[in-house]
Each structure stands twice: as C-alpha cells, then as structure tokens.
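All residue numbers refer to positions in the sequence shown, counting from 1.
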Amino acid sequence: MKLLSLSEYNQLKDGATVIEEDACGEKVITLKDGSYIKLFRNKRLISSALFFPYAKRFVKNAHTLNELGIPCVQVIDMFKISKPPRCIVRYLPLNGQTVREAAATANSGSIEPTLIKRIAEFISTLHNKGIYFRSLHLGNILLQDSNQLGLIDVADLKFYRKPLSINKRIRNFNHLIRYKDDVSLLFAQSPINFIDAYLKASQSYISNKNQQTISNALNTLVRC
C-alpha cells in the first residue's frame with residue numbers, strides 16, 4: 001500500500017470538505033474533483049484488521065459487488081498516511097440519497113409502498129447472490145438519481161458461493177430490525193407488503209416450507 005507524505009496528503013485534500021468526523025478525527029472527505037476519501041483506523045490493539053485492514057476489505061468488497069451487478073462505489077486508489085496512522089480509500093461515490101434521507105425529505109416522512117417493495121426485492125437479490133451485508137440498514141441503502149438501489153459503507157460484508165441459507169437470511173434481517181426507525185419505515189403500513197415482496201423475489205431459491213419459516217421469523221422480529 002502506497003505511503004503518502006504529510007505534504008502529499010495535504011495537497012490531495014486542499015480545498016476539500018469534511019463530511020464526516022468523530023472524536024478521533026476525519027472519517028470521510030469530499031475532494032475538489034468530486035471524489036471521496038474514506039479514512040480507516042484500527043479500533044482495537046488486537047484486531048483482525050491488523051492482518052486484513054478494513055480499507056482492503058472495502059476495496060475488495062466494492063470490486064466484488066460491482067462484478068456481481070450490485071451498484072456501489074468505484075474505487076480509484078488506496079494508500080496510507082503515518083500521522084495520524086490511517087489507511088485511506090479514494091473512490092467515486094454513487095449519486096443519490098440514502099433511503100433514510102429520502103424518507104426524511106418526503107412530505108409524508110415515510111416510504112412509498114412501491115419503494116418498500118423494491119427494497120425487499122433488493123435485499124432478496126443480495127441474499128440470492130450469497131451476499132451477507134452485516135451493516136444492513138436504510139442508511140446504507142442508496143436510492144440513486146437513476147432510481148436504482150445501491151450499497152454504501154461496504155467494508156463489513158461476506159460473500160458466499162451460493163445463496164444464503166435460511167438461517168443466514170433471518171440472521172441478516174436481525175441486523176436490520178435493530179434499527180427501530182427503519183422498522184417503522186418498512187413495516188408500519190403492513191409487514192405483509194415487505195415480506196411478500198421479499199419471498200416472491202426469493203421463490204426460486206427457497207422452498208415453500210422455508211418461505212413460511214422466514215415469514216414467521218420476520219413477523220416475530222417486527223413485533224418484538
């Protein structure tokens with residue numbers, strides 16, 4: 001991984017805008033040319049990230065998602081800096097709003113039924129392609145200007161060689177259900193709409209018996 005000097009890094013981000021930061025510093029920056037840089041740090045002294053840094057996971061996952069036909073960022077470069085110690089990925093973002101942002105700016109403050117159906121079908125596509133997205137929530141699903149759905153923040157996911165098993169599908173929905181505002185947006189009108197759309201899009205990969213298992217599990221999760 002290429003090491004940038006402090007002067008090279010400062011030159012790269014000259015005139016840039018910080019769009020996300022925390023107590024430890026900058027996390028996401030927009031450069032003058034419209035590309036983004038995302039900064040990664042190790043959060044623990046002992047971590048798997050020492051052997052396979054999150055920046056490399058992000059790059060690998062982005063490439064694989066694009067190969068599988070799932071819209072996501074286009075990686076330009078990867079490098080590191082020593083002060084502060086960070087791995088950095090430069091990429092072209094997807095244009096659009098997250099589903100959460102789209103709901104917040106809508107007059108009704110909710111999601112249209114047609115978009116709920118499309119989100120269910122999109123998640124089904126991920127599962128059918130063997131993609132286990134651990135950061136599954138509506139802040140990481142992007143509604144593009146082209147009206148397609150895509151993924152952002154893709155460092156934490158896993159690819160399987162075959163469609164996800166029933167248990168993995170249900171476990172993945174557990175990640176989504178933790179976000180109560182997302183649950184309200186997707187299921188407030190009727191859980192059946194989302195569940196039926198997901199199962200219909202998955203029917204070539206799931207038996208009737210297992211479809212009922214997923215339906216029961218999702219209904220239970222939503223009510224909790």
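Applying the ring pair (Phe, Tyr, Trp, His ring centres under 6.0 Å) rule to pairs touching residues 196-224 yields H127-Y198, F173-Y198, sequence neighbours excluded. Residue pairs that meet the salt bridge (charged side-chain N to carboxylate O under 4.0 Å, His left out) test with at least one member in residues 67-79, sequence neighbours left out, are K2-D77. Within the structure, ring pair (Phe, Tyr, Trp, His ring centres under 6.0 Å) contacts touching residues 152-171 (residues at least two apart or in different chains) do not occur. Listed by first and then second residue, the ring pair (Phe, Tyr, Trp, His ring centres under 6.0 Å) pairs involving residues 70-91 are Y36-Y91, F58-Y91 (not counting sequence neighbours).
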Verdict with reasoning, L143 to R118, per side chain to side chain contact (heavy atoms under 4.5 Å, CB included): CA-CA 10 Å; L143 179 61; R118 289 176 55 212; 4.1 Å; yes

Working for side chain to side chain contact (heavy atoms under 4.5 Å, CB included), residues F133 and S135: CA-CA 5 Å; F133 186 36; S135 300; 3.9 Å; yes

Intermediate values then yes/no, salt bridge (Lys or Arg N to Asp or Glu O under 4.0 Å), E20 and K38: CA-CA 9 Å; E20 186 179 348; K38 185 175 178 69; 5.3 Å; no

V75 vs R90, side chain to side chain contact (heavy atoms under 4.5 Å, CB included): CA-CA, chis, key distance, verdict: CA-CA 6 Å; V75 173; R90 184 179 181 185; over 6 Å; no

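K32 has a carboxylate O that lies under 4.0 Å from a charged side-chain N of D14, or vice versa, which qualifies the two as a salt bridge. One finds no salt bridge joining D153 and R134 here, because no Lys/Arg side-chain nitrogen approaches an Asp/Glu carboxylate oxygen to under 4.0 Å.
G139 approaches I152 most closely through the heavy-atom pair O-CD1, 3.5 Å. Scanning both residues, C72 and L94, for their nearest heavy atoms gives O-CD2, 3.3 Å. Here the closest non-hydrogen pair linking I206 and R169 is CD1-NH1, 3.5 Å. C24 and R86 get closest at one heavy-atom pair: O-NH2, 3.0 Å. When all heavy atoms of D145 and G96 are compared, the closest pair comes out as OD1-CA, 3.4 Å. In terms of heavy atoms, K117 sits closest to A197 at CG-CB, 3.8 Å.
If you chain together hydrophobic residues whose side chains sit under 4.5 Å apart, I123 and F187 fall into the same group. Hydrophobic clustering, with ILVMFWY side chains joined whenever heavy atoms are under 4.5 angstrom apart, keeps L164 apart from V154. Using a 4.5 Å cut-off between side-chain heavy atoms of Ile, Leu, Val, Met, Phe, Trp and Tyr, with links allowed through other members, Y132 and I214 fall into different hydrophobic clusters. In the hydrophobic cluster analysis, where Ile, Leu, Val, Met, Phe, Trp and Tyr join through side-chain heavy atoms closer than 4.5 angstrom, V222 is grouped together with I111. Note on L126 and L142: separate hydrophobic clusters, where clusters join Ile, Leu, Val, Met, Phe, Trp and Tyr whose side-chain heavy atoms are under 4.5 Å apart, directly or indirectly.
Counting heavy atoms from C-beta on, the side chains of K56 and M78 come closer than 4.5 Å. Side-chain contact between N140 and L151 is absent, with no heavy-atom pair separated by less than 4.5 Å. Within the 4.5 Å cutoff, side-chain heavy atoms of I29 are placed close to those of L39. Taking 4.5 Å as the limit, every side-chain heavy atom of Q203 sits out of range of all side-chain heavy atoms of N208. You'll find the side chain of I37 stays beyond 4.5 Å of the side chain of V28, heavy atoms only. By the 4.5 Å heavy-atom criterion applied to side chains, I88 and K80 are not counted as neighbours. Contact of the L68 side chain with the I131 side chain is registered, since non-hydrogen atoms from C-beta on lie closer than 4.5 Å. Proximity of L149 to Q144: side-chain heavy atoms (C-beta onward) are nowhere separated by under 4.5 Å.
Residues that satisfy the side chain to side chain contact (heavy atoms under 4.5 Å, CB included) test with N174, not counting sequence neighbours, are I170, L221. Every residue meeting the side chain to side chain contact (heavy atoms under 4.5 Å, CB included) condition with S215, not counting sequence neighbours, appears here in chain and number order: I195, L199, Q212, N219.
Side-chain contact, S124 with E121: no donor N or O sits under 3.5 Å from an acceptor N or O. Side-chain contact, S165 with N167: no donor N or O sits under 3.5 Å from an acceptor N or O.
Once rounded to the nearest 0.5 Å, the distance linking CZ of R171 with CG of L136 reads 14.0 Å. With values rounded to the nearest 0.5 angstrom, S35 atom OG is found 6.5 Å from L92 atom CG. Between the CG atom in D22 and the NZ atom in K27 there is a gap of 5.0 Å [rounded to 0.5 Å]. To the nearest 0.5 Å, the span separating CG on D181 from CG on L138 amounts to 9.5 Å. To the nearest 0.5 Å, atom CZ of residue F122 and atom CG of residue L115 are 11.5 Å apart. Interatomic distance, CG of L157 versus CG of L65, reported as 5.5 Å (0.5 Å rounding).
In this structure a side-chain-to-backbone donor-acceptor pair under 3.5 Å is missing from D182 to H137. In this structure, S184 contributes its side chain and K180 its backbone to no donor-acceptor pair below 3.5 Å. Under a 3.5 Å cut-off, the side chain of T98 and the backbone N or O of E101 do form a donor-acceptor pair. The main-chain N or O of N61 is never found under 3.5 Å from a side-chain atom of T64 such that the two would form a donor-acceptor pair. Looking only at distances, a side-chain donor or acceptor of N66 sits under 3.5 Å from a matching main-chain atom of A62.
Both the sub-6.0 Å distance and the 45° axial angle are satisfied by R100 relative to the ring of Y179.
Counting heavy-atom neighbours within 6.0 Å of N10 CG, excluding the residue itself, gives a total above 12. The environment of CD1 in I192 is sparse: at most 12 heavy-atom neighbours from other residues, nucleotides or ligands sit within 6.0 Å.
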